Number of protein chains: 2
Amino acid sequence: MPRPRSLTPAQLAAAALAVIDRDGLAGLSMRAVAQQVGMSTMALYRYVDDRGELEQLVIELVLGAVDTTPPAADRPWQERIETMVDRVRDIVGAHPWIVPLIVAHRHRSVSVLRWSETVAGILAEAGLDGRKRVIALRGLLAYIIGAIQLEHLGPLAGQGTGVIADLPPAEFPHMAETARHARAVDADEEFHGGLANLLRGMGV
Amino acid sequence: MPRPRSLTPAQLAAAALAVIDRDGLAGLSMRAVAQQVGMSTMALYRYVDDRGELEQLVIELVLGAVDTTPPAADRPWQERIETMVDRVRDIVGAHPWIVPLIVAHRHRSVSVLRWSETVAGILAEAGLDGRKRVIALRGLLAYIIGAIQLEHLGPLAGQGTGVIADLPPAEFPHMAETARHARAVDADEEFHGGLANLLRGMGV
DNA sequence: TTCGTAGGTGTACGGCATACGCCTACGATC
DNA sequence: GATCGTAGGCGTATGCCGTACACCTACGAA
């Protein structure tokens, strides 16, 4: 056939990711990506049907890099799940802007499916079956999605707790005190602490 | 002073919410809201600085309706927190399209702050102090945000699990089986089951 | 060498948020 | 009651956005 494509889908996704990493999600546009790959805007439509499909390519590029091989089976199952969760968090942490894309497209991502498959296997080995496993898996997904958003889409680091600490303590006594303690809890401890709570409750 | 305003901020927010409830979040535009209130597009800018501030008004209108009075103190603390969580989930469930707005603006919402104040109080009475309380509160927020998104922004109801159930079982054995069970778990059970797991783990 | 196909391009359209300048309705003042 | 300054409301224009459509052309097969 005539005229081979000059771009692979992966190259296209990488270009879009480069735009996002540089200019944020708001900077992602068909025009910007076209410029990044050195083509006209409309040329992109030879590769994807619409912008949504381009976004899909991006998250598949990112999440496809998550290692989904089961962790060493001689560790406790809670620790193995923590490993799986950390693998996702590490990768996403390297491209925080894509979090909303993951939320929007996760249910069509085969990478998410592969990750879930491994985690479901660990849960099965932990002795969770039927509805308990369903609830545990979805609960994990909910926590991860929510926590990652709180972490990356919140106000800049300590700013949020700073605002809270300045509240009239008369009206928000508990929040004022909580905010004071919050300054001593870093993102890692917060994330893993919440995850540990969830895992502890799942294990009954 | 001359010429009183013909709209209250609450009326403006209600108009925007009406647009969202009717046409979805994608239907929300300054033009659409202006038409809804019977004004020109630019007239809205006498009430808000930009679209983001309008969105802020909307979520404050919705979340302001959440009852934040502490639940009866003679119930176990887990049950009281469940009550607080359900109050939010019920209100949001009545306007599912606004979920992304909540995610985007939550950290500036005084309604969220008031809700958190009540929950922090319950956690304190439960005996959680310092970093434990910080982690518990943030973990709850993460779970709620994530779970509500999974519930309302996912593929239509059973469709997602349907797709999964059709996978090659050789490659996704655990997911195929999990999906079969998932069809028997409704949204309420899933949400409360995950929440119960988290609460159980927090209580140590 | 020819030819059909698919890759790449340019233009144009409708919709978006919003900056800017104008007109005017109105409460306060005399 | 007449006047006037102010702030509410509006029309227009700008520069983004995604993308439909028609076109040109590079290229592998014949």
Side-chain angles (χ1 to χ4, degrees), chain A residues 1-61 97-98 100-101 103-105 108 153, chain B residues 1-61 97-98 100-101 103-105 108 153:
Chain A
M1 301 297 153
R3 202 166 185 186
R5 307 177 92 94
S6 47
L7 234 50
T8 64
Q11 285 175 311
L12 183 55
L17 183 58
V19 170
I20 293 172
D21 285 342
R22 176 168 22 92
D23 301 327
L25 195 51
L28 179 68
S29 71
M30 300 302 276
R31 284 168 170 83
V33 175
Q35 189 164 24
Q36 179 78 23
V37 295
M39 279 185 180
S40 79
T41 305
M42 293 312 292
L44 303 184
Y45 288 88
R46 296 285 173 190
Y47 295 85
V48 292
D49 275 350
D50 54 24
R51 181 198 160 111
E53 206 172 303
L54 177 60
E55 293 176 354
Q56 187 84 241
L57 283 181
V58 172
I59 74 149
E60 219 55 48
L61 175 68
W97 304 101
I98 69 161
L101 297 187
V103 171
H105 297 292
R108 265 180 251 114
L153 267 55
Chain B
M1 301 297 152
R3 203 167 183 183
R5 306 177 91 93
S6 46
L7 234 51
T8 64
Q11 285 174 313
L12 183 57
L17 183 58
V19 170
I20 293 173
D21 285 341
R22 175 167 26 90
D23 301 327
L25 195 53
L28 180 69
S29 72
M30 299 304 275
R31 283 167 169 82
V33 175
Q35 189 164 22
Q36 179 77 22
V37 294
M39 279 186 180
S40 80
T41 305
M42 292 313 292
L44 302 185
Y45 288 88
R46 294 286 175 190
Y47 294 85
V48 292
D49 274 351
D50 54 24
R51 180 198 161 109
E53 206 173 303
L54 177 60
E55 294 175 355
Q56 187 85 238
L57 282 180
V58 172
I59 75 149
E60 220 55 48
L61 175 68
W97 304 100
I98 67 160
L101 297 187
V103 171
H105 297 291
R108 264 180 252 116
L153 267 54

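Just so you know, these numbers use all the heavy atoms, side chains as well, and skip hydrogens, waters and symmetry mates. Remember, predicted model here, so these are calculated numbers, not experimental data. Lettering of chains follows the sequences in order, A, B, ..., and the numbering in each one begins at 1.
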Trainee: Tell me, which of residues 31-42 of chain A have any heavy atom that sits under 4.0 Å from an atom in DNA chain D?
Mentor: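 When residues 31-42 of chain A is checked for heavy atoms under 4.0 Å from DNA chain D, the hits, listed by number, are A:Arg31, A:Thr41, A:Met42.
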Trainee: Do the side-chain N or O atoms of A:Arg46 get closer than 4.0 angstrom to the phosphate oxygens (OP1, OP2) of C:dG8?
Mentor: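 Checking C:dG8 against A:Arg46, no side-chain N or O comes under 4.0 Å of OP1 or OP2.
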Trainee: Determine the minimum heavy-atom distance between B:Met39 and B:Ser6, stating which atoms define it.
Mentor: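 For B:Met39 and B:Ser6, the tightest heavy-atom pair comes out as CE-OG, 3.1 Å.
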Trainee: Expressed in angstrom and rounded to an integer, what is the separation of B:Arg5 atom CZ from D:dA7 atom P?
Mentor: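 Spelled out: CZ on B:Arg5 to P on D:dA7 is 11 Å.
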Trainee: Provide, to the nearest angstrom, the distance between the CG atom belonging to B:Asp50 and the P atom belonging to C:dC16.
Mentor: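 Whole-Å distance recorded here is 17 Å.
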Trainee: Go through the steps for A:Asp50 and A:Glu53 under the test side chain to side chain contact (heavy atoms under 4.5 Å, CB included), then give the verdict.
Mentor: CA-CA 6 Å; A:Asp50 54 24; A:Glu53 206 172 303; 3.7 Å; yes
Trainee: Quick one: A:Leu12 CG to C:dG8 P, roughly how many Å, whole number?
Mentor: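 Result: 11 Å.
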Trainee: Shortest non-hydrogen contact from A:Leu12 to A:Tyr47?
Mentor: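 Scanning both residues, the minimum pair turns out to be CD2-CB, 3.5 Å.
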Trainee: Check residues 15-33 of chain A and write down every donor-acceptor pair under 3.5 Å in which the side-chain atom is one partner and the other belongs to a residue at least two apart or another chain.
Mentor:
residue	atom	partner	partner atom	Å
A:Asp21	OD1	A:His95	ND1	3.1
A:Asp21	OD2	A:His95	ND1	3.0
A:Arg22	NH2	A:Gln36	OE1	2.5
A:Ser29	OG	A:Ala32	N	3.0

Trainee: Can you tell me how far C1' of D:dG8 sits from CG of B:Leu44, to the nearest Å?
Mentor: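 Roughly 12 Å, once rounded to whole Å.
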Trainee: Whole-Å distance between C:dA12 P and A:Tyr45 OH?
Mentor: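 So the two atoms are 18 Å apart, to the nearest Å.
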Trainee: At under 4.0 Å, does any side-chain N or O of A:Tyr47 touch on OP1 or OP2 of C:dG8?
Mentor: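 Affirmative; the distance criterion is met.
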Trainee: Can you confirm whether A:Gln11 is buried at CD, in the sense that more than 12 heavy atoms of other residues, nucleotides or ligands lie under 6.0 Å from that atom?
Mentor: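 Atom CD in A:Gln11 is packed in, count exceeds 12.
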Trainee: Enter the distance from B:Glu60:CD to B:Arg108:CZ here, rounded to the nearest 0.5 Å.
Mentor: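 Interatomic distance, B:Glu60 CD to B:Arg108 CZ, rounded to 0.5 Å: 11.0 Å.
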Trainee: Using whole Å, what does the distance between atom C1' of nucleotide D:dC17 and atom CG of A:Asp23 come to?
Mentor: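 That distance rounds to 15 Å.
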Trainee: Does OP1 or OP2 of D:dA7 have a side-chain N or O of B:Arg3 closer than 4.0 Å?
Mentor: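 It does not, given that no N or O in the side chain of B:Arg3 lies less than 4.0 Å from OP1 or OP2 of D:dA7.
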Trainee: Calculate the interatomic distance between B:Glu53 atom CD and C:dT18 atom P; express it in whole Å.
Mentor: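 Atom CD in B:Glu53 sits about 11 Å away from atom P in C:dT18.
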Trainee: Within this structure, what is the CG-to-C1' distance between B:Leu54 and C:dA17, rounded to whole angstrom?
Mentor: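 The distance from CG of B:Leu54 to C1' of C:dA17 comes to 12 Å, rounded to the nearest Å.
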